[in-house]
Number of protein chains: 2
Amino acid sequence: MAVDKTRHRYIVNHMVKYSINSLDAVFSALGDGTRRAILARLAEGETRVTDLAAPYEMSLPAVSKHLRVLEAAGLVTKRKQGRVIYCSLQPQPLMGAADWIAFYRSFWERKFDALASYLDKTADTSPKPANADDQGKEQNDG
Amino acid sequence: MAVDKTRHRYIVNHMVKYSINSLDAVFSALGDGTRRAILARLAEGETRVTDLAAPYEMSLPAVSKHLRVLEAAGLVTKRKQGRVIYCSLQPQPLMGAADWIAFYRSFWERKFDALASYLDKTADTSPKPANADDQGKEQNDG
DNA sequence: CCCGTAATTAACCTTTTCATTAAATATCTG
DNA sequence: CAGATATTTAATGAAAAGGTTAATTACGGG
């Protein structure tokens, strides 16, 4: 049942094709720490607006506006149940953004390979990285 | 140490550690189509400011400002040779952005798996997949 | 029905962004 | 040096972003 990489690629292309979200909106939406934190929270699951707003010192309307931005970028959808509105992460546009970045992957890898040999050659004198392991996973930026 | 993953991972962490760029600046910089186009051009290689500006209708100072934004985000560096300034793509911050997005990968893959089964069931006949993965009451265990 | 809660909208303010044109700086060249 | 070229800085302005408080809409429950 696992979906292979090709399958994913297909799906991504499919979605990009049908996506109404512009990269402008998606990247701009990601350009605010509060909004990234909201997405991080939503990655844990559907959350109500009030709960989403609780951790912040800013007012509820401010959070509401951030949610509108995220919604406009297609990153968040809302579901109303009674007077409560539940927000969910909608990851497809993130995938579009990731795709854009991935387009340059071969370029950077060339760069990184070059840097790698540089580091190999200068191993004696180059500064050592203190904690090289889990950084990528701790990106949970608030 | 734990450089066990890949050489690249090591390098990326190294760079992240020494990077002065915030995700805010990087994602915001990417939130403008002109700037993304500039980066795309720079991915082909070092380019002078004037050449970079040529394809656009906007004035040279406008492009210059975009370059300043990209430079502030750490995405572009400049090299002066005589009166000409050559710009280069600096991909490390893009990597940081990609890492941020990748943090949610497991979440989306669950989504995409759901969509994949949808697509399997509906073949190619349906040209409107947009909300096929309506996540209303989806579980979260991540 | 009234009241409290959930959330948005309205009105407003300040700061930032994105663009412009004109002037300045720096450099190459005849 | 004079003049052309490459690029930035300055001054300016409109629009968007991000925040506030107050008012409003919409429900739910005694």
Side-chain angles (χ1 to χ4, degrees), chain A residues 21-42 45-90 93 141-142, chain B residues 21-42 45-89 93 136:
Chain A
N21 316 112
S22 73
L23 285 175
D24 277 36
V26 174
F27 278 125
S28 295
L30 295 178
D32 181 283
T34 301
R35 286 194 292 263
R36 284 198 308 280
I38 288 174
L39 293 179
R41 174 82 185 263
L42 289 179
E46 233 185 14
T47 310
R48 327 184 225 201
V49 172
T50 306
D51 292 347
L52 231 34
Y56 307 105
E57 297 210 353
M58 74 182 72
S59 65
L60 193 59
V63 172
S64 186
K65 278 187 184 179
H66 281 304
L67 286 171
R68 220 167 355 99
V69 171
L70 290 168
E71 205 177 4
L75 287 161
V76 160
T77 51
K78 293 175 182 171
R79 172 177 73 88
K80 191 170 180 180
Q81 181 179 314
R83 60 187 160 176
V84 175
I85 293 182
Y86 291 92
C87 301
S88 303
L89 174 59
Q90 213 62 33
D141 155 72
Chain B
N21 316 113
S22 73
L23 285 175
D24 277 38
V26 174
F27 278 125
S28 295
L30 295 179
D32 181 283
T34 300
R35 286 193 293 261
R36 284 197 308 281
I38 288 174
L39 293 179
R41 174 82 185 263
L42 289 179
E46 233 185 15
T47 310
R48 330 183 218 202
V49 172
T50 306
D51 291 348
L52 231 32
Y56 306 104
E57 297 210 353
M58 75 182 72
S59 65
L60 194 58
V63 172
S64 186
K65 279 187 186 178
H66 281 304
L67 286 172
R68 217 165 2 97
V69 172
L70 290 167
E71 204 177 5
L75 288 161
V76 161
T77 50
K78 293 175 181 171
R79 173 176 74 87
K80 190 171 182 180
Q81 182 178 314
R83 62 186 160 179
V84 176
I85 293 182
Y86 291 91
C87 302
S88 303
L89 175 60

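Scope of the values below: all heavy atoms of this structure, side chains included, with no hydrogens, waters or symmetry mates. Keep in mind it's a predicted model, so treat the numbers as computed, not measured. Reminder, nothing fancy here: chain letters follow the sequence lines and each chain counts from 1.
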So, OP1 or OP2 of [N]: does either fall under 4.0 Å of a side-chain N or O from [X]?
X        : N       : value
Lys78(B) : dT8(D)  : yes
His66(A) : dG19(D) : yes
Arg48(A) : dT5(C)  : no

Is there a side-chain contact between [X] and [Y] in this structure, where contact means two heavy atoms from C-beta onward sitting under 4.5 Å apart?
X        : Y        : value
His66(B) : Asp32(B) : yes
Thr34(B) : Met58(B) : yes
Gln81(B) : Tyr86(B) : yes

Over how many whole Å does the gap from [X] atom [atom1] to [N] atom [atom2] extend?
X        : N       : atom1 : atom2 : answer
Ile85(B) : dT5(D)  : CD1   : P     : 18 Å
Gln81(A) : dC27(D) : CD    : C1'   : 12 Å
Leu70(B) : dT8(D)  : CG    : P     : 12 Å
Glu57(B) : dT20(C) : CD    : C1'   : 14 Å
Arg35(A) : dG19(D) : CZ    : P     : 8 Å
Leu67(B) : dT8(D)  : CG    : C1'   : 11 Å
Tyr86(A) : dT5(C)  : OH    : C1'   : 13 Å
Asp32(B) : dA15(D) : CG    : C1'   : 14 Å

> When you check every protein heavy atom under 4.0 Å of nucleotides 21-26 of chain C, what one-letter string (B, S, -) results, 5' to 3'?
Replying inline: BB---S

> Is the closest basic N to carboxylate O distance between Asp51(B) and Arg41(B) below 4.0 Å?
Replying inline: no

> Between Lys65(A) and Asp51(B), which is nearer to the 5' end of DNA chain D once each is assigned its nearest nucleotide?
Replying inline: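 Whichever sits nearer the 5' end wins; that is Asp51(B).
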
> Do you know which two heavy atoms are closest between Glu46(A) and Ser88(A), and how far apart they sit?
Replying inline: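 Between these two residues, the closest heavy atoms are CG-OG, 3.1 Å.
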
> Does Asp24(B) offer a backbone N or O that forms a donor-acceptor pair with the side chain of Ser28(B) under 3.5 Å?
Replying inline: yes

>> Taking side-chain contact (heavy atoms from CB on, under 4.5 Å) as the criterion, tell me which of Leu42(A), Leu39(A), Leu70(A), Thr47(A) meets it with Cys87(A).
In response: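 Among the candidates, only Leu42(A) passes.
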
